[in-house]
Amino acid sequence: MANDASTVFDLVILGGGSGGYAAALRGAQLGLDVALIEKNKLGGTCLHNGCIPTKALLHAGEVADQAREAEQFGVKASFEGIDIKAVHKYKDDVISGLYKGLQGLVASRKVTYIEGTGHLSSPTSVDVDGRRVEGRHILLATGSVPKSLPGLEIDGNRIISSDHALTLDRVPESAIILGGGVIGVEFASAWKSFGTDVTVIEGLKHLVPVEDENSSKLLERAFRKRGIKFNLGTFFQSAEYTDSGVKVTLADGKTFEAEVLLVAIGRGPVSAGLGYEEQGVAMDRGYVLVDEYMRTNVPTISAVGDLVPTLQLAHVGFAEGILVAERLAGLKTVPIDYDGVPRVTYCHPEVASVGITEAKAKEIYGADKVVALKYNLAGNGKSKILKTAGEIKLVQVKDGAVVGVHMVGDRMGEQVGEAQLIYNWEALPAEVAQLIHAHPTQNEALGEAHLALAGKPLHSHD
């Protein structure tokens, strides 16, 4: 198979999602000759089937809720329903604008963009639809797809994945969502705002189970208040069609019925049949194994993004891709501290966090060495104006740095940037307390929480 271009690239990237295109853009910026291979659309899952479209749906839901609730703010408004075609047009326009911008970026950086299905053919080459593309280094960034369970077939009709849910031509009257993690609770939130009767099934004992338990309980309380039903602590057993929808049976025999079943149990790596194992790349359950610098066991191959067993977040993919590009360009690189990555679940209310949970801190440092403080948003003026409820919880090593910031409330995702700095710079509560936060803002709540943790609370009780 001939290399048509008779070129050996510095870096050949298989996959044009968040991790792949970030590596391409940064690599080209640093003078590397880069080829980027993508079989679908540049931007990958995040842009076309994940982060961006789901947040557009959630914002449309937020507008619907504001219309319903306008009178409590003294505004006369009426809610007449959801025009799902118009919602999709709004969502697709957002995607289209970002997609065109990304295409322009890749072209402007002189990245060689190759459309087609790639297959790793050697430690230094990828075959793409009859063409061999050779590189001094290969970056695997083929991403992930929605997962299912044994015996549970996602058919795109009544049993659907998040991909199907993003293009559904109607607002379902009722829905069961299997999985109470990020994807599940975001769709539960959006569909409830659209008027769907929603039930979430989560086999573990809390919604968003990887978050601090206090955040999970606050979200559960908020979901109950919104009328979002959920069943926790019992695992799925089976699903079957009924005359009008789907019936789900749990391991304890309890059953639920709805118009559709959304399977939202997470995403699995795209690696099967792509030649990775044949070229000696070490793998585990479909994931490509890497070290802290994203290197595989094959010296000429790296991997990033959802393909590797790190946090499945677009911004993690960006960071991993940039790390690889800078390492290959000879720059000094620092491994990613995954605890220091901001995490946001964009439901209503939002759940945002950075650092470790209280339970994890106690495991690491000992229960007697950990201090936790909760600041209720009821004491925050802007949160009262917005009529949002929630808390900011700080986890501190006694007499030391803040090692966890956990927030629940509307717009808390916008506060996680400062929380990231607090954690990653190992700030002491007293140091954050010295910073002046604008009033009235929700960001002020983060400052007030640190004032309280530093022993000088202002708008909160001692």
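Note that the structure is a prediction, hence the values are computed from the model and not measured.
Every pair passing salt bridge (Lys or Arg N to Asp or Glu O under 4.0 Å) that includes a residue from residues 273-293 is listed here, sequence neighbours excluded: D291-R295.
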Donor-acceptor list for residues 100-108 side chains, cut-off 3.5 Å, not counting sequence neighbours:
from, atom 1, to, atom 2, distance (Å)
Q103, NE2, Y99, OH, 3.3
S108, OG, G104, O, 3.3
S108, OG, L105, O, 2.8

Atom pairs and distances, side-chain donor-acceptor, residues 48-58, under 3.5 Å, sequence neighbours left out:
from, atom 1, to, atom 2, distance (Å)
H48, NE2, L42, O, 2.9
T54, OG1, G50, O, 2.7
T54, OG1, C51, O, 3.1
K55, NZ, E186, OE1, 2.9
K55, NZ, E186, OE2, 3.4

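The neighbour count for E414 CD, taken as heavy atoms of other residues, nucleotides or ligands under 6.0 Å away, does not exceed 12. Sparse packing is recorded around CZ of R221, with 12 or fewer heavy atoms of other residues, nucleotides or ligands lying under 6.0 Å away.
Considering all non-hydrogen atoms of both residues, S162 and P146 come closest at OG-CG, 4.0 Å. What you find for H206 and S216 is that their closest heavy atoms are CB-CB, 3.7 Å. Smallest separation of non-hydrogen atoms from G268 and K147: N-CG, 3.1 Å.
For F318, the ring pair (Phe, Tyr, Trp, His ring centres under 6.0 Å) test picks out Y21, with sequence neighbours left out. For A175, the side-chain contact (heavy atoms from CB on, under 4.5 Å) partners two or more places apart in sequence, or in a different chain, are W191, T196, V260. With sequence neighbours excluded, no residue forms a ring pair (Phe, Tyr, Trp, His ring centres under 6.0 Å) with F223.
Here the side chain of T124 pairs no donor or acceptor atom with the backbone of E134 at under 3.5 angstrom. Formation of a donor-acceptor pair under 3.5 Å by the N424 side chain with backbone atoms of G340 is found in this model. Formation of a donor-acceptor pair under 3.5 Å by the K91 side chain with backbone atoms of L166 is found in this model. Although no hydrogens or angles enter the test, the distance criterion places a donor-acceptor pair under 3.5 Å between the side chain of D10 and the main chain of D33.
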* Does the side-chain contact (heavy atoms from CB on, under 4.5 Å) test come out yes or no for N214 and E358, once each step is laid out? -> CA-CA 9 Å; N214 185 66; E358 181 181 0; over 6 Å; no
* Does the side-chain contact (heavy atoms from CB on, under 4.5 Å) test come out yes or no for F235 and L204, once each step is laid out? -> CA-CA 8 Å; F235 286 98; L204 300 178; 4.0 Å; yes
* Start with the C-alpha gap between S122 and R132, add the side-chain angles, then the distance that decides, and say whether side-chain hydrogen bond (donor to acceptor under 3.5 Å, both in side chains) holds. => CA-CA 10 Å; S122 81; R132 177 153 293 173; over 6 Å; no
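Remark: the T142 side chain and the Y276 side chain contain an N/O donor-acceptor pair separated by less than 3.5 Å.
Using a 4.5 Å cut-off on side-chain heavy atoms (C-beta onward), V182 and Q312 make no contact. Side-chain contact between P349 and M412 is absent, with no heavy atoms from C-beta onward closer than 4.5 Å.
When the options Q66, E62, R226 are evaluated for a side-chain hydrogen bond (donor to acceptor under 3.5 Å, both in side chains) with S193, the one that passes is R226.
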